[in-house]
Amino acid sequence: MKILVLNGPNINMLGIREPGIYGGDNYRDLVRLVKQTAEEMGVEIDCLQTNYEGKLVDWIQRAYGRCDGIVINPAAYTHTSIAILDALKAVGIPAVEVHISDVSKREPFRQISYASMACEKTIMGKGIQGYAEAIRYLAEKYR
Ligand code: DQA
């Protein structure tokens with residue numbers, strides 16, 4: 001099984017950006033946890049980050065026929081991007097949405113998630129551990 005982990009804008013700034021909201025773990029900690037969880041579950045993993053919406057669309061499209069699961073934190077594009085929603089729907093790969101913070105308890109503009117409309121599950125407010133939970137969910141489902 002191959003899982004693609006996608007991260008949107010500013011996720012590379014973890015550890016620096018608003019630690020009161022996103023915690024003290026940095027992006028390297030996130031990648032380490034993702035790889036460790038993949039190893040534990042016996043799945044192949046690719047973990048990517050970009051600040052560009054179109055790049056996320058490209059990576060989702062490229063996963064077609066190559067990946068069996070997608071874990072995605074579209075970051076701010078969660079709340080704006082119909083293009084990411086359409087890409088997830090187009091490839092039809094089982095996807096889990098992850099948010100480090102609990103967006104349900106934040107500003108009104110964060111209450112809409114387009115990506116969630118194409119995801120089986122949303123995990124939020126669990127810090128970087130949410131990624132581990134998402135990988136385990138997809139790996140167990142695939143078995
Ligand atoms: C986020 C929540 C988004 O609202 C925000 O724009 C982010 C990160 C999260 O992981 O909590 O950049 O997706």
Side-chain angles (χ1 to χ4, degrees), residues 1-41 43-64 66-142:
M1 176 188 201
K2 181 154 188 182
I3 296 177
L4 180 62
V5 180
L6 295 179
N7 291 288
N10 302 305
I11 300 300
N12 56 319
M13 296 297 282
L14 281 183
I16 297 166
R17 76 183 288 214
E18 303 177 272
I21 295 175
Y22 298 109
D25 292 318
N26 62 31
Y27 185 65
R28 276 167 71 175
D29 298 325
L30 190 162
V31 174
R32 199 179 306 126
L33 176 66
V34 158
K35 287 189 175 161
Q36 195 183 302
T37 311
E39 209 177 299
E40 276 165 26
M41 298 307 290
V43 300
E44 250 186 273
I45 209 106
D46 218 350
C47 185
L48 306 170
Q49 187 277 330
T50 179
N51 293 327
Y52 299 94
E53 182 179 10
K55 194 100 197 163
L56 289 167
V57 172
D58 285 346
W59 285 338
I60 294 165
Q61 289 182 2
R62 205 190 301 156
Y64 183 72
R66 291 194 173 112
C67 293
D68 311 293
I70 294 176
V71 173
I72 185 162
N73 181 352
Y77 294 136
T78 305
H79 319 297
T80 60
S81 181
I82 296 167
I84 291 171
L85 166 65
D86 285 348
L88 289 168
K89 280 185 165 174
V91 297
I93 299 169
V96 176
E97 177 190 22
V98 172
H99 296 289
I100 293 158
S101 66
D102 185 353
V103 283
S104 73
K105 301 209 171 88
R106 298 183 62 193
E107 302 94 324
F109 62 82
R110 294 185 207 273
Q111 301 312 313
I112 175 99
S113 167
Y114 290 105
S116 74
M117 296 169 200
C119 290
E120 288 187 11
K121 192 177 165 74
T122 297
I123 299 163
M124 60 172 83
K126 296 187 174 173
I128 63 171
Q129 286 301 328
Y131 289 82
E133 194 178 317
I135 293 163
R136 281 191 209 108
Y137 170 84
L138 287 170
E140 268 156 24
K141 183 194 146 102
Y142 189 77

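Order of appearance sets the numbers: ligands from 1, and atoms from 1 within every ligand. Side chains included, hydrogens not; waters and symmetry mates left out as well; all remaining heavy atoms used.
Judged purely by distance below 3.5 Å, without hydrogens or angles, the side chains of Glu53 and Asn51 never pair a donor atom with an acceptor atom.
Residue Arg106 places its CZ atom among more than 12 non-hydrogen atoms of other residues, nucleotides or ligands, all under 6.0 Å distant. By the neighbour-count criterion of 12 heavy atoms within 6.0 Å, atom CZ of Arg66 is sparsely surrounded, having that number or fewer from other residues, nucleotides or ligands.
Ring orientation note: the planes of His79 and His99 are close to parallel, at an angle under 30° on the 30°/60° scale.
Atoms CD1 and CD1, from Ile100 and Ile11 in turn, are 4.5 Å apart once rounded to the nearest 0.5 Å.
Side chain of Thr78 to main chain of Ala75: a donor-acceptor pair is present (N/O by atom type, distance under 3.5 Å, no hydrogens or angles).
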Which N/O atoms of ligand 1 sit under 3.5 Å from a protein N/O, and at what distances?
from: ligand 1; atom 1: 4 (O); to: His79; atom 2: NE2; distance (Å): 2.6
from: ligand 1; atom 1: 4 (O); to: Arg110; atom 2: NH1; distance (Å): 2.8
from: ligand 1; atom 1: 6 (O); to: Ala76; atom 2: N; distance (Å): 3.2
from: ligand 1; atom 1: 6 (O); to: Arg110; atom 2: NH1; distance (Å): 3.1
from: ligand 1; atom 1: 10 (O); to: Asn73; atom 2: ND2; distance (Å): 2.9
from: ligand 1; atom 1: 10 (O); to: Ile100; atom 2: N; distance (Å): 2.7
from: ligand 1; atom 1: 11 (O); to: Ile100; atom 2: N; distance (Å): 3.2
from: ligand 1; atom 1: 11 (O); to: Ser101; atom 2: N; distance (Å): 2.8
from: ligand 1; atom 1: 11 (O); to: Ser101; atom 2: OG; distance (Å): 2.6
from: ligand 1; atom 1: 12 (O); to: Arg17; atom 2: NH1; distance (Å): 3.1
from: ligand 1; atom 1: 12 (O); to: Arg17; atom 2: NH2; distance (Å): 3.0
from: ligand 1; atom 1: 13 (O); to: Asn73; atom 2: OD1; distance (Å): 2.8
from: ligand 1; atom 1: 13 (O); to: His99; atom 2: ND1; distance (Å): 2.8

